[in-house]
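In what follows, every heavy atom counts, from backbone to side chain, and hydrogens, waters and symmetry copies are set aside. Convention: sequence-line order gives letters A, B, ...; per-chain numbering from 1.
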2 protein chains.
Amino acid sequence: MTESEPVLTASPDLESVRRDFIEGMSRVAAFWGLPKAMGAIYGALYLSPEPLSLDDLVAYVGVTKGAVSTNVRHLARLGMVREEVRLGERRDFYSAEGDFWKVVKGVLREREKAEFDRALSTVRQCLDAVGAADHAPEETSLALHYQERLGQMQGFFSSLDTLVATVMRLDDLRHASLLGLFGKRVVPAGDGNPREGSEER
Amino acid sequence: MTESEPVLTASPDLESVRRDFIEGMSRVAAFWGLPKAMGAIYGALYLSPEPLSLDDLVAYVGVTKGAVSTNVRHLARLGMVREEVRLGERRDFYSAEGDFWKVVKGVLREREKAEFDRALSTVRQCLDAVGAADHAPEETSLALHYQERLGQMQGFFSSLDTLVATVMRLDDLRHASLLGLFGKRVVPAGDGNPREGSEER
DNA sequence: CAGTACGTTTAGTAGAAACTAAACATACTG
DNA sequence: CAGTATGTTTAGTTTCTACTAAACGTACTG
């Protein structure tokens, strides 16, 4: 804590709110397998009314420049922050993408998609391999079983893929559409609360 | 490789298929932040026509008993495998849950739910804190900005929560319903293929 | 052209997580 | 009751990842 008064000075209240929020975003990030600092940086940017410089972020988040630099670049690649260049200003400034559906889109596209395709193609290749080979008579039933299971998984992956692709299209439909869509058709239970009654942990 | 002939002996073809598949599931698991061995174990169980014992799994997956023991228990907690007890048989046997939607349900319930609630309540607490405090005049606008952003995030989390809860209810509706539901209402584009043209890797 | 302000890169480090090896617990079996 | 088969727990090791500290590159500034 040798730093001499960080950049912004909100009232004690707002400051603690910001700290809590940043810490919360850290936890979320960590939970999703992303670096803690990444979540913190996004949190700081998300709350800030105006774009922040790299050193601002160092002050807010408490990690070194290098870490902020790499994390902020990663966030930009995911479409979660935007880099802003100002004329007559050497520093770069960063701001958070406020539309969370865009964030989800970015993460899904960047992170899930690749591995998803790999998994799907692995299954398909296995399926092909089973179909192509001729098996000893006592193994034909095993081969058939493999085909069945692999086929089921392929089907599931396709469905999930469709689901993800569809969700990604919801970008401009916004929440209301989504909720209306789901709420009416799928849920037969009468209570207005879509969550099951599990309030506790 | 000092082991003396593992339990099963499929033809070289089926064996290699199985190996590939297991390796693929390992990758999937690793990608989702789960232990590699966990994915491998599930893969082995998923392909097997009948339940496997713990030592069978050791032979298939290539990790030690201890690792299989803990991982298989974890899988059971997630609802991804079932433990089967046979009369007059000391060993336990395990089989994979073949319905993948149940798997998704299990993972979502066990893993996402808790952290999800924490995040949401963090946001709510921050929101309350901002609302409760009285701020210096020059900070009221900042406070308002915090409220707006926090409110947006809260709304998003609620929506996402509803989405997840709804997906979890699809358990018995199966894929067709889901796809029909989505395909008709949401996607206006005419082509039958829900994926963008990315067939290659 | 020396000096400074920024951002990036690199080498090294610290912490976490999953695995191995082996001890342990428990229950059947002869 | 000794012996064996089975699953669990524990201590220690390995491996990976995100961070720090510091060097570096580059472009402005006086």
Could you tell me which residues satisfy side-chain contact (heavy atoms from CB on, under 4.5 Å) with [X], sequence neighbours excluded, listed by chain and number?
| X | answer |
| --- | --- |
| A:A67 | A:V63, A:T64, A:N71 |
| A:M80 | A:Y42, A:L75, A:L78, A:V103, A:V107 |
| B:Q147 | B:L127, B:V130, B:L144 |

Might you point out which heavy atoms bring B:S26 and B:A40 nearest each other, and give the distance in Å?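 For B:S26 and B:A40, the tightest heavy-atom pair comes out as OG-CB, 3.3 Å.
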Of the non-hydrogen atoms in B:D20 and A:C126, which two are nearest, and what is the gap between them?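 Residues B:D20 and A:C126, closest heavy atoms: CB-SG, 3.9 Å.
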Interatomic distance where [atom1] belongs to [X] and [atom2] belongs to [N] [whole Å]:
| X | N | atom1 | atom2 | result |
| --- | --- | --- | --- | --- |
| B:D92 | D:dA5 | CG | P | 17 Å |
| A:Y94 | C:dG7 | OH | C1' | 7 Å |
| B:E84 | D:dG7 | CD | C1' | 17 Å |
| A:L54 | C:dT9 | CG | P | 12 Å |
| B:E89 | D:dG7 | CD | C1' | 13 Å |
| A:D56 | C:dA5 | CG | C1' | 14 Å |
| A:I41 | C:dG7 | CD1 | P | 13 Å |

Counting primed atoms, P, OP1 and OP2 as sugar-phosphate and everything else as base, the B/S/- map of nucleotides 12-30 of chain D against protein heavy atoms under 4.0 Å is ------SSBS-----BB--
So does A:R73 get a side-chain nitrogen or oxygen closer than 4.0 Å to the phosphate oxygens (OP1/OP2) of C:dT9? yes
Is B:S69 near enough to D:dG7 that one of its side-chain N or O atoms lies under 4.0 angstrom from OP1 or OP2? no
State, with a plain yes or no, whether a side-chain heavy atom of B:R118 is found less than 4.5 Å away from one of A:F31. no
Is the shortest side-chain heavy-atom distance between A:Q154 and A:L150 below 4.5 Å?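 Sidechains of A:L150 and A:Q154: no contact.
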Would you list the protein and nucleotides 14-16 of chain C atom pairs, both N or O, that sit under 3.5 Å from each other?
none

Donor-acceptor pair, A:S48 side chain versus A:A44 backbone, under 3.5 Å?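 Side chain of A:S48 to backbone of A:A44, a donor-acceptor pair under 3.5 Å: no, none is there.
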Can you sort out the partners of B:F157 under ring-ring contact (aromatic ring centres under 6.0 Å, His included), two or more places apart, ordered by chain and number? B:F116
Could you list by number each residue of residues 44-52 of chain B showing a heavy-atom separation from DNA chain C of less than 4.0 Å, or answer none if no residue does?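 Nothing qualifies; none.
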Of all residues at least two apart in sequence or in a different chain, which pass the salt bridge (Lys or Arg N to Asp or Glu O under 4.0 Å) check with A:E23?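 Testing A:E23 for salt bridge (Lys or Arg N to Asp or Glu O under 4.0 Å), a comparison that skips the adjacent residues, returns A:R27.
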Test salt bridge (Lys or Arg N to Asp or Glu O under 4.0 Å) applied to A:R91 - qualifying residues, sequence neighbours left out: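 Result, salt bridge (Lys or Arg N to Asp or Glu O under 4.0 Å) vs A:R91: A:E89.
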A:S53: what forms a side chain to side chain donor-acceptor pair (under 3.5 Å) with it, not counting sequence neighbours?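 A:S53 satisfies side chain to side chain donor-acceptor pair (under 3.5 Å) with A:D56 once adjacent residues are dropped.
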In degrees rounded to 10°, what angle is found between the helical axes fit to the five outermost pairs at each end of the helix from C:dC1-D:dG30 to C:dG30-D:dC1?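 Here the local axes at opposite ends form an angle of 10°.
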Establish, yes or no, whether the cationic atom of A:R149 lies under 6.0 Å from the six-membered ring centre of B:Y46 and within 45° of the ring axis.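 Output yes; distance and angle both within limits.
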I need the full list of side-chain hydrogen bond (donor to acceptor under 3.5 Å, both in side chains) pairs touching residues 72-85 of chain A, with sequence neighbours left out, sorted by first then second residue.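 Every pair satisfying side-chain hydrogen bond (donor to acceptor under 3.5 Å, both in side chains) with a residue in residues 72-85 of chain A: A:R77-A:E110, A:R82-A:E97, A:E84-A:R86.
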